[in-house]
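As the structure is a prediction and not an experimental result, all values here were calculated from the model.
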Amino acid sequence: MSTSQQPDPKDRPARLTVGVVGAGRVGPALAASLQLAGHRPVAVSGVSDTSRRRAAQLLPDVPLVPPAEVLARAELVLLTVPDDALPGLVEGLAETGAVRPGQLLVHTSGRYGAKVLDPALRAGALPLALHPAMTFTGTPVDVQRLAGCSFGVTAPEELRLAAEALVIEMGGEPEWIAEEMRPLYHAALALGANHLVTLVAQSMELLREAGVAAPDRMLGPLLGAALDNALRSGDAALTGPVARGDAGTVAAHVTELRRHAPQTVAGYLAMARATADRALAHGLLKPELAEDLLGVLATGTNGAEGDAR
């Protein structure tokens, strides 16, 4: 994120002291972004050597201390631990008296809303769920990527403005997510982003197997155009042999995948079935062609061989 459009933090007093519990890929980047907005990181906790190096790179001169000490030093605490570890961490901090009344406690889990922070709420903390809809590398580039990044925001209604203000200060765009919708919201992001990485990695492996020297250069323009078309047009952007009803081509694909990369067949068939269903529902796949295609996808066996195009 460029700082040219923001006042120099040195020209104004820091408004909140910031601590990070869990120096994974997300926490240090968010703290660094808050620092650009005029807040002051004062403490970070990290266990592994990698997390400590990451904290040192993104938050230089910020001391590494145990989690309870982070809470003792900071007015705003970022809990950036894996989803499954979050409930236990919150309960432990609350039970040991580490949580202070009036302290802003922010978690970045996509799965959970604000209720996972109820133990801290009972101790007087102010609970916020701020999930950046972004993939993180653990490097300074993450701070730049927060500019324009959407955040899934969930908080008690009286804290909604405060939560949205923090997101805006980090350069993000707040998107309100109801507490009961958090798991669905997170599933949607995982489906679109996490599974995309798997699909692209598999595609590159297959292209290398086919003799393509630079699969990344081949896929870059194609995938960029496909993503842009999908975001602009939704299902109308569907193309390829499944949407056309080319059962023979799809059968040929399955045959080659079984021969060269059998571990990809189940994923190919599952995505092809989903694509066929959407193409049929939106009138892109002609019903008279759908029967043979769906037969190939149902059995995963060879049909008439066809040329991919």
Side-chain angles (χ1 to χ4, degrees), residues 14-35 37 39-132 134 136-139 142-143 146 151-156 159 162-163 166-167 169-170 182 186:
R15 286 160 292 159
L16 290 171
T17 53
V18 179
V20 179
V21 175
R25 297 182 180 184
V26 178
L30 297 188
S33 184
L34 287 168
Q35 186 174 34
H39 301 288
R40 183 165 62 93
V42 293
V44 59
S45 71
V47 177
S48 69
D49 290 340
T50 300
S51 65
R52 289 171 177 266
R53 287 193 298 269
R54 184 181 297 122
Q57 181 183 28
L58 289 170
L59 302 172
D61 303 321
V62 176
L64 283 157
V65 299
E69 183 64 21
V70 173
L71 271 72
R73 298 187 185 194
E75 297 163 310
L76 165 61
V77 179
L78 302 172
L79 303 179
T80 51
V81 298
D83 288 3
D84 288 351
L86 181 61
L89 172 66
V90 176
E91 291 177 3
L93 292 172
E95 289 174 359
T96 58
V99 179
R100 293 183 285 114
Q103 191 169 45
L104 282 165
L105 216 56
V106 178
H107 80 71
T108 59
S109 165
R111 169 186 173 187
Y112 292 108
K115 286 190 178 299
V116 72
L117 298 173
D118 276 355
L121 175 65
R122 291 191 289 270
L126 306 177
L128 308 175
L130 307 179
H131 174 252
M134 178 55 61
F136 288 79
T137 65
T139 66
D142 295 332
V143 181
L146 289 175
F151 279 67
V153 176
T154 305
L159 295 176
L166 283 173
V167 170
E169 285 190 321
M170 288 185 282
R182 291 288 290 207
H186 195 224

Point to revise | Summary of salt bridge (Lys or Arg N to Asp or Glu O under 4.0 Å) pairs that have at least one residue in residues 104-128, sequence neighbours excluded | key: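 Residue pairs with at least one partner in residues 104-128: Asp84-Arg111.
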
Between the side chain of [X] and the main-chain N/O of [Y], is any donor-acceptor distance below 3.5 Å?
X: Glu169; Y: Leu34; answer: no
X: Thr80; Y: Gly22; answer: yes
X: Arg54; Y: Ala23; answer: yes
X: Arg182; Y: Gly152; answer: yes
X: Gln103; Y: Ala125; answer: no
X: Arg25; Y: Asp142; answer: no
X: Asp83; Y: Ser109; answer: no
X: Ser51; Y: Gly24; answer: no
X: His107; Y: Gly113; answer: yes

Practice item. Take Leu30 and Met170, measure what side chain to side chain contact (heavy atoms under 4.5 Å, CB included) needs, and give me the verdict at the end. Key: CA-CA 7 Å; Leu30 297 188; Met170 288 185 282; 3.9 Å; yes

Spacing of [atom1] belonging to [X] relative to [atom2] belonging to [Y], to within rounding of 0.5 Å:
X: Leu78; Y: Leu130; atom1: CG; atom2: CG; value: 8.5 Å
X: Leu121; Y: Leu105; atom1: CG; atom2: CG; value: 10.0 Å
X: Glu91; Y: Glu95; atom1: CD; atom2: CD; value: 6.0 Å
X: Glu75; Y: Thr17; atom1: CD; atom2: OG1; value: 3.5 Å
X: Leu126; Y: Leu117; atom1: CG; atom2: CG; value: 10.5 Å

Check your understanding: Is the CZ atom of Arg100 crowded by more than 12 outside heavy atoms at less than 6.0 Å?
Key -> yes

On a heavy-atom basis, which atom in [X] and which in [Y] lie closest, and how many Å separate them?
X: Val18; Y: His39; value: CG2-CB, 3.8 Å
X: Val65; Y: Ala43; value: CG2-CB, 3.8 Å
X: Ala129; Y: Tyr112; value: CB-O, 4.0 Å
X: Gln57; Y: Thr139; value: OE1-CA, 4.4 Å
X: Ser45; Y: Val21; value: OG-CA, 3.3 Å
X: Arg52; Y: Val47; value: NE-O, 3.6 Å

Review point. Any side-chain heavy atom of Val20 sitting closer than 4.5 Å to one from Pro41?
Key: no

Point to revise | Student check: side-chain heavy atoms of Leu146 and Phe151 closer than 4.5 Å | key: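 They are in side-chain contact.
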
